[in-house]
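Everything below concerns the one structure shown next.
Residue numbers run from 1 in the order of the sequence given. Bear in mind the structure is a predicted one, so any value in this text is a computation, not a measurement.
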Amino acid sequence: MDFGDLSDDTVIQGKLQHFHTSIDKIEELLQVTLDQDSYEKLSTQDKVDYDLFMAYALNTLYWLYLRSKGVVPNNDLKNQLNRIKQYMGKAKEAHDRSTIRPTLNQAVAKRFIKHGISASSQHEPTPKKVKM
């Protein structure tokens with residue numbers, strides 16, 4: 001890289017080199033994540049997570065781009081990021097609701113009820129004898 005007037009300032013050169021290597025890493029990551037064949041193989045939950053991740057990552061990258069150009073992002077972009085965060089929370093709640101909550105085995109419950117009702121109708125409770 002040609003630093004021109006900044007050829008004497010090693011601190012800025014180091015930061016710019018780090019910035020460019022970070023951009024290269026982001027580009028590599030995006031190439032891997034934009035592969036359509038692997039997306040089709042994902043489960044529904046993984047697709048939701050992937051879509052939310054991509055929306056948040058792209059909005060964040062756009063925000064970083066605007067900041068690097070010296071433009072202060074408007075509130076619309078911040079609201080969009082907050083909206084994506086809310087959807088992430090909703091997706092997590094939906095996933096937790098389906099995995100953490102215990103499920104009822106209806107066939108077993110019906111058998112318990114059926115046998116409990118038939119047993120109570122056949123036998124009258126006998127009073128216990130009291131010893132004196």
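The other residues sharing a hydrophobic cluster with Y87 are V48, L52, Y56, L81, I84, M88, where clustering joins ILVMFWY side chains under 4.5 Å apart.
Taking CG of L58 as the reference point, atom CZ of F53 lies at 8.5 Å (rounded to 0.5 Å). A distance of 7.0 Å separates CG of N82 from CD of Q86, quoted to the nearest 0.5 Å. Separating the CG atom in L42 from the CG atom in D49 is a distance of 9.5 Å, to the nearest 0.5 Å. Distance check: L64 CG to K69 NZ gives 13.0 Å after rounding to the nearest 0.5 Å. In this structure, R83 CZ and N59 CG are separated by 9.0 Å, a value rounded to the nearest 0.5 Å. How far OG of S68 is from CG of L61: 10.5 Å, rounded to the nearest 0.5 Å.
Side-chain atoms of Q80 and D76 include no donor-acceptor pair closer than 3.5 Å.
Heavy-atom contacts from other residues, nucleotides or ligands closer than 6.0 Å to OH of Y62 number 12 or fewer.
With sequence neighbours excluded, the residues that form a side chain to side chain contact (heavy atoms under 4.5 Å, CB included) with D24 are E27. Taking A107 as the reference, N105, R111 meet the side chain to side chain contact (heavy atoms under 4.5 Å, CB included) condition, with sequence neighbours excluded.
The minimum heavy-atom distance linking R67 with P73 is given by the pair CD-CD, 3.3 Å.
A continuous path of hydrophobic side-chain contacts links V71 to L77 [ILVMFWY only; heavy atoms under 4.5 Å]. With hydrophobic clusters built from ILVMFWY side chains whose heavy atoms lie under 4.5 angstrom apart, W63 does not share a cluster with I23. F19 and V11 fall into different hydrophobic clusters, where Ile, Leu, Val, Met, Phe, Trp and Tyr residues are linked whenever their side-chain heavy atoms come under 4.5 Å apart, directly or through other members.
Salt-bridge annotation for D96 and K92: present, with a side-chain N of the basic residue lying under 4.0 Å from a carboxylate O of the acidic one.
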